[in-house]
Amino acid sequence: MRKLACHPLSNLPLPGILTMTLSSLAAAVPVDGRQSPTALAIARGTARYLHALGYCVVSELSLPSGRRADLVALGGDGEIVIVEIKSSVADFRADQKWMDYRLHCDRLFFATIVDVPCEIFPPDTGLIVADSFGASIVCEAPEHRLPAPTRKLMLLRFATAAAARLNRLADPQGHAEFF
C-alpha cells in the first residue's frame, strides 16, 4: 500500500499538469455556485497534488448515502481517498456531515488554506494545506479499509461519474450527469 508523503509547507509542489481551457474545465467540473473562490482554489490545488501522486480525482461526487464529497481520489491500487474542503473556521464548524464520509473511503482528509488553524481538525483525519497551485500533506490520514461491497459501489460511482463528465466534454447536450 502506497503512503502519501508528508511535505513541509515550504515545499508546495507546482505540478502544472492540468492544462484545460476555461470552457472545457467549466463543462468537466460541476460547480453549483455554493463553492467560494477560496474553496475552489483549495480543490484545484489539492486535485493537482493528488494527480501528481498518481491518483485520479473526481470532484463533487455523490455518495451512496446521498451526501456529496468535495473530492474523491482513486489510486492505482484501488485505494479510495475522500477530501473534504474547509475554507475557514466557520465553514468547518457549520458542517458536521463529514463524519459520514468515513464510511465511503479508505482514508479521509480535510483540505484547507494555511490561514486556518490546524488544531480545529479532528486528529483521526488527515490534513492537507493547499492553494490554487498545489498542496502539501501536513498530517497523514489513518487507513480504515473499506468492506468489499462498499468499495465496489464506490468504484462504480467513481467510474460512472468520470465517464459521464468525459462524455459531456465531447457532447455537452447529449449526456446527463448520473452521479
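Everything quoted here is computed from the prediction, not taken from an experiment. Scope of the values below: all heavy atoms of this structure, side chains included, with no hydrogens, waters or symmetry mates.
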Exam field: side chain D91 to backbone A94, donor-acceptor pair closer than 3.5 Å: no
Donor-acceptor contact present, side-chain R157 to main-chain S62, <3.5 Å: yes
Test ring-ring contact (aromatic ring centres under 6.0 Å, His included) applied to F158 - qualifying residues, sequence neighbours left out: none
Side chains of [X] and [Y] in contact at under 4.5 Å (non-hydrogen atoms):
X: E79; Y: L74; value: no
X: I113; Y: T38; value: yes
X: C105; Y: V72; value: no
X: V81; Y: L108; value: no
X: F110; Y: I85; value: no
X: M154; Y: P64; value: yes

Heavy-atom pair of closest approach, residues [X] and [Y]:
X: A130; Y: A135; answer: CB-CB, 3.6 Å
X: V116; Y: S88; answer: CG2-CA, 3.7 Å
X: R107; Y: P142; answer: CG-O, 3.4 Å

Listed partners of D106 passing salt bridge (Lys or Arg N to Asp or Glu O under 4.0 Å), at least two apart: R145, R151
By salt bridge (Lys or Arg N to Asp or Glu O under 4.0 Å) - contacts of D124 (at least two apart): R102
Test of ring centre spacing under 6.0 Å for Y55 and Y49: no
Straight-line distance of T112 OG1 to I128 CD1, nearest 0.5 Å: 11.0 Å
Considering residues at least two apart in sequence or located in another chain, which fulfil the side chain to side chain contact (heavy atoms under 4.5 Å, CB included) criterion with [X]?
X: P117; answer: V89, E119, I120
X: S65; answer: L63, R67, D100, H104
X: D95; answer: E84, K86, K97

same_hphob_cluster(L103, L155) at 4.5 Å side-chain heavy-atom cutoff: no
Linked, directly or transitively: L153 and V58 (ILVMFWY side chains, under 4.5 Å): no
With F109, the side chain to side chain contact (heavy atoms under 4.5 Å, CB included) member among L71, T46, I82, I137: I137
